[in-house]
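If you're wondering where the values come from, they're calculated on a predicted model, not measured in any experiment. Whatever order the structure lists ligands and atoms in, that order sets their numbers, starting from 1. Quick note: residue numbers are just sequence positions, from 1.
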Amino acid sequence: MKRMEPHSILRPAPALALAAIALLAFAGVATVAIAQTSGVNKANMDTSVSPCQDFYRYTNGKWMDSAVIPPSYTGIGAAREIADKNQDILRQVLEKAAANVATEKDPTQKKVGLFYTALMDSASADKAGAAPIAEELKTIAAIKTPADLRTEFARLAKMGVGAGFGPGGMPFRIGAEPDRDNSAVNIGTISQGGLGLPERDFYFRQDPKSAAIRDAYVTYMTKTLQKTGDDEATAKKNADAILKLETTLADSSMSRVAMRDPHAIFHRTTVKELGALCPAIDWTAYFNEVGITVLASPTATLNVAQPMFMRQVNTLVTSTPIETWRAYLRFHVTRVAAPWLSTDFFMDNFAYSSLLSGQKEPQTRWKRASQVLDFTMGEAVGKAWVAVAFPPESKARVQEMVTNLHAVLNDRIASSPWMSEATKKQAAVKLNAILRKIGYPDTWRDYSAMKIEPGMSGAQMIRSAAAFEVNRRLSQINKPVDRGEWGMTPPTVNAYYNPTVNEIVFPAGILQPPYFDPKADEAFNYGAVGSVIGHETTHGFDDEGRQFDAQGNLKDWWTADDAAKFKDKAQKVVDQYNGYVAVDTLHVNGRLTLGENIADIGGLTIAFHAWQRSLHGKPAPVIDGFTGEQRFFLGYASEWRRKLRPESMRTAALTDPHSPAEWRVNGVVSDMPEFYKAFSCKSGDALVKADGQRPDIW
Ligand SMILES: [Zn+2]
């Protein structure tokens, strides 16, 4: 999380390296039929609870009581049900490509077919054991000097090791991102990385569960090191040394909360200055080895996101025995490859990661293979997927909803009781400049440079795909930003706001029932997908997004007085969510989740008023016994129907910038007088706050 991550509605699915952790890979079993009229599924509701006391339970209580998480999932819910349906369609696309591979004329579709076939070939993977990474392990074993180490760091960066697909590297990462001062051009970025546990706090937390996770991590490292050449005693010794090395890296890593300040992770630095910060690495040689020649000169500039971390890398490269570095790199190269090596490697990796997710069984192979194809060739398979799953009428309807929502936000900014005219004017400029992307890209990515050929193993193809993506991204350094690029693939059940482009992006994957049902009532659709559109739009005006201007530059457009008022309001949101329990005794982190909570509250508010506007003064009918206002809120709360394993809830509470589903519902509606009115809630009810207690930002 070194660079400004796009702000999604859900936590993005983890990249391949972490695929087994699959924080969002919770899934639905039986999909409940949605009534085409109101959209409300009464069978899911628990009407013995007052909506004003616990709206989440009122909407989803019966479902929560009866839903069973399948062993190979870490949770279930509405989002997972859509993801499963999307994946079923993707499977048909992939199987067709695999069946036609011999006769296929389109070279990209041929690659899709070959790739899927190779990944599904478990017999060959089992026979090969660790052979697909043998060459890499040999190179690591030959490291003798700090210069060799640098060359290996460069090689791993080129391969994308450490971050799944795409720019990565161990122990630091190298990537490309829009320049904060000139968002039209990409700048190279070096940032912290190199940890095997999900984030820095996992190395320091003293509670028994965190200690057990560290122990399991050491066990996993020990097993992997034994399988790749160490005897038991050496493996144990090396595993302890790796944990110590990573703990030192973690100690110099910024926390997720600290990295939410975009100024704190942007430091324009010349390569010469980077050399002063971390002289143990010859940077000109490093950039040449990675193939980023535009940075291979002392005067070239890049963003060193966490200078303190690079100072620590310097110390560690000079002081840690080379033997420990070799073990560290050997372990991580094996860990990243493990999901597609033989079953024994896969299962060791699964045993460790399931401790973090609670997953009981691995997912079936076709699901894992589909996920890889979606990550690596998502726009090649997505094109065929869209043809089946996303009619043009859906795109037009969503486009219209976005227009309505933005008109409402525009009016609300204009009539805001707390902002000055100067800030209002700038906010409107930013709102009107937001780039909209709906469904799928206008131009599909070109995969002709990706090397996928008959005879390659699945593991080799994955490496080749990762190298393709690294090269694609790193070649963007110092080049204009491609504003047409998508950060999510069409079948993805997610959406995002990207502050440096000032864009909102809704893949076709999330524009599916029950989030968006072309046949369902408007009130329900506005509560469901309308709130998603509102959420992403509000990200441009949350505590982080508001610091970027209409062009995506990190530039303050607020008067000092308005900024101070905003911070006071945001503090109310922090305090509100700090008070909620995530799991056991672990509380929601109000600072970590602040941007998402502001987006949830603002997003639902805007969606509500946009729905009202869509009525053009006519009253909404009562359907299934619910008023339009009630159906709107039921649409929202049913979208967040979700059940997670406790292990996943815990990991999410420590790492996920989104609040737990229960609070995304109850926390948000408690900040909306529109909700109190819809359900005739009264002062004294759990979800009712007095005037002045609510943040009332957007
Ligand atoms: Zn978000």
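Judged as a side-chain hydrogen bond (donor to acceptor under 3.5 Å, both in side chains), and not counting sequence neighbours, T538 has no contacts. Every side-chain contact (heavy atoms from CB on, under 4.5 Å) that T492 has, sequence neighbours left out, goes to D374, M488, T489, N494, P507.
Using a cut-off of 4.0 Å between Lys/Arg side-chain N and Asp/Glu carboxylate O, R260 and D543 are scored as salt-bridged. Between E199 and R256 there is a salt bridge, since a side-chain N of the basic residue sits under 4.0 Å from a carboxylate O of the acidic one. Between R650 and E647, none of the side-chain N atoms (NZ, or NE/NH1/NH2) sits under 4.0 Å from a carboxylate O, so this pair counts as no salt bridge.
Pairs engaging residues 492-515 under the salt bridge (charged side-chain N to carboxylate O under 4.0 Å, His left out) rule: K437-E503 [sequence neighbours left out].
Within the protein, the number of N, O or S atoms lying under 2.8 Å from the Zn ion (ligand 1) is 4.
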